[in-house]
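One structure is given here, and the rest of the page talks about it.
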2 protein chains.
Amino acid sequence: MSDLNNRRLEIDALRAIWAIRHHGGITRAAEALGLSQSAVSHKIKRLETSLGCELLNRKAGATAFTTEGEELLDYAGRILGLHDEALLSLSKTTLAGRIALGLTEDTTCSALAHILGRFRRLHPDVSVRTQVRMSLVLRAMLEQGELDAAIVQVFAHEVRPTDVILFRETLHWVKHPSLLLPQTASVPFLSFHDDCFYRHWALDIGQDGGIMLETVFECASAAGIIAAVSSGMGVALLNERHLRPEMQIITDRFPVPPDLVYVVRRGRKVRNAALDTLVAEIESEISRYGGLALAS
Amino acid sequence: MSDLNNRRLEIDALRAIWAIRHHGGITRAAEALGLSQSAVSHKIKRLETSLGCELLNRKAGATAFTTEGEELLDYAGRILGLHDEALLSLSKTTLAGRIALGLTEDTTCSALAHILGRFRRLHPDVSVRTQVRMSLVLRAMLEQGELDAAIVQVFAHEVRPTDVILFRETLHWVKHPSLLLPQTASVPFLSFHDDCFYRHWALDIGQDGGIMLETVFECASAAGIIAAVSSGMGVALLNERHLRPEMQIITDRFPVPPDLVYVVRRGRKVRNAALDTLVAEIESEISRYGGLALAS
DNA sequence: CCAAGCACATGACAAATTTCGATCGTGGCA
DNA sequence: TGCCACGATCGAAATTTGTCATGTGCTTGG
């Protein structure tokens, strides 16, 4: 360990350990950072020798952080936050105006919240009006010009060239092992709200694929659906981040669900400098971290 | 300017512009950072090109910051604060105990306050009791074991090997030009409090040097003395950071005042791990910035 | 129990960045 | 006007950082 005064934490190294945490592993982090695996490995090693302590616990198979690692991670988050804000602050142009933005409930708790908060701070003259609705509702509002932009879920094959992709999600048919599905009977289906478009797709395939789905449960929140699946009430369409160990993924009988994508979609013919900047910031955040961190 | 995503602010560069501000100039900053002048110059240049804007205004003789420079400076301060705290936090040992610390009024408003605040955060189990008194009082308290350590002013020739030097100060005899000092009359003297040891020295030389000083004004705060000097009430001993343009430095007739030094002085036979750490942190802060920033 | 696969570490080398010393230009000042 | 302090700039040297190729250890499935 060099003398305390000459030590310093490289911003890049901090971003590396941050990426390791949020992508779960060095290899994944390297990919997200656009570096080779060995480069990231070296970075961490250098960080460790300069600090004179272990940051990662290499014993186990999965990369785990040591106590010191967790501690540094906390500082890293704060330092990077300030750093990125400084960068934006210095490249900002004075913006004013009004943005009507739509979000889904899912994305509200993601890094989006930070981006929006920072945007407010950096551009106090822009008023951002945010509304949380379901994807289908948001899309309708976009069409009618009620929103300037929205963060919505769409099927992967529906992505438009102007959409900004935030991250992808895979849907699975799931059920609890205790639930048996006789060929003859109709399938009990656990569904999100009426306007949820998983549900639309599910009911559509019901007609095409000759599978009879019967909606036996309806709930707007993922937590409710998860509970219902776990108690064996029926089958549901869930994305990967909601899967629980006790759930069983159904691979036969049902058609493969299409992939979902979260995108930033802009309203028709909206020309708005403030919105351009906000979308650019979201894009930059994504490319920097290789996707938005979502609360799971 | 490279792509927004690939830009980053080097910690070292931030420390450099911070040092430039606090030492007034690149050359001075380079010295404090232990680098060559050209290295610091380059650092700033790189920072500027990576940000795509000017940070320093080179037109004028004195180095002035641009608006962007000031803005970055603000972020730099916050980032460096976090950075340094992270560094300390990772090299800390669990400390507990009690520290009785003495300060002078002057140092209360300096970087010391930040160091103490950070120390509290990093070592919540150490209770730091701080008392503000004049240097002579503090020294007496140290002798009697009432304090574990104190930050006091002493004459440069009185510095002990165990003292940690914070910074030096030069005293000057000053008066307002309108005040004339006839050889025959006694000299009107503007004095700090009774216990101020400038005053002791001044009265001592009065006896030795054959100069008759008559204390005509007594005030505990520097502001009061400054006002009195400016209004021509008498002569005073002031340190450089309190000099005002309208004041006249007296170079003849009076003996040259001794230099003063602010030091951290530890109590006798105090063995205290927490105190060791605190003193070490103060030392490290000094060596990093080449002295403590004092409110002037 | 072995082979394959995955995730990370490591070493050598190439590329880039950073630093230094020297030198030059400029504005302030006696 | 000449000096001086300060900063810019340049080429060479030193240091840092990244990549490729390869090695190690752990898990997994046959």
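Sequence lines set the chain letters: A, B, ... in the order given, protein chains first and strands last, and positions in each chain run from 1.
Classification of B:Asp12 and B:Arg46 as a salt-bridged pair fails, no side-chain N sitting under 4.0 Å from a carboxylate O.
Note on ring orientation: taking the six-membered ring where Trp is involved, the planes of B:His157 and B:Phe155 are parallel (angle under 30°, cut-offs 30° and 60°).
Contacts of A:Ser178 classified as side chain to side chain donor-acceptor pair (under 3.5 Å), with partners at least two apart in sequence or in another chain: A:His176. Scanning for side-chain contact (heavy atoms from CB on, under 4.5 Å) contacts around B:Thr27 gives B:Gln37, with sequence neighbours left out.
Rounded to an integer number of Å, the gap from B:His23 NE2 to D:dC6 C1' is 16 Å. In this structure, CD of A:Glu31 is placed 10 Å from P of C:dA7, rounded to the nearest angstrom. The distance from atom CG of A:Leu9 to atom P of D:dT16 is 16 Å, rounded to the nearest whole Å. As rounded to whole Å, 15 Å separates atom P of C:dA7 from atom CG of A:Leu56. Per the geometry, CD belonging to B:Glu54 stands 14 Å off C1' belonging to D:dG7, to the nearest Å. The nearest whole Å value for the distance from the CG atom in A:Asn57 to the P atom in D:dC26 is 12 Å. Taking atom CD1 of B:Ile20 as the reference point, atom P of D:dG7 lies 8 Å away to the nearest angstrom. Rounding to whole angstrom units, CZ of residue A:Phe65 and P of C:dC8 are separated by 10 Å.
Within the 4.0 Å cut-off from OP1 or OP2 of D:dG7, not a single side-chain nitrogen or oxygen of B:Arg28 is found.
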Using a 4.0 Å heavy-atom cut-off to protein, can you give one letter per nucleotide of nucleotides 10-22 of chain C, 5' to 3': B if the base is in contact, S if only the sugar-phosphate is, - if neither?
BBB-----SBBB-
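Separation of atoms CD (A:Glu85) and CG (A:Leu90) is listed at 10.5 Å; rounding is to 0.5 Å. How far OH of B:Tyr75 is from CG of B:Leu80: 14.5 Å, rounded to the nearest 0.5 Å.
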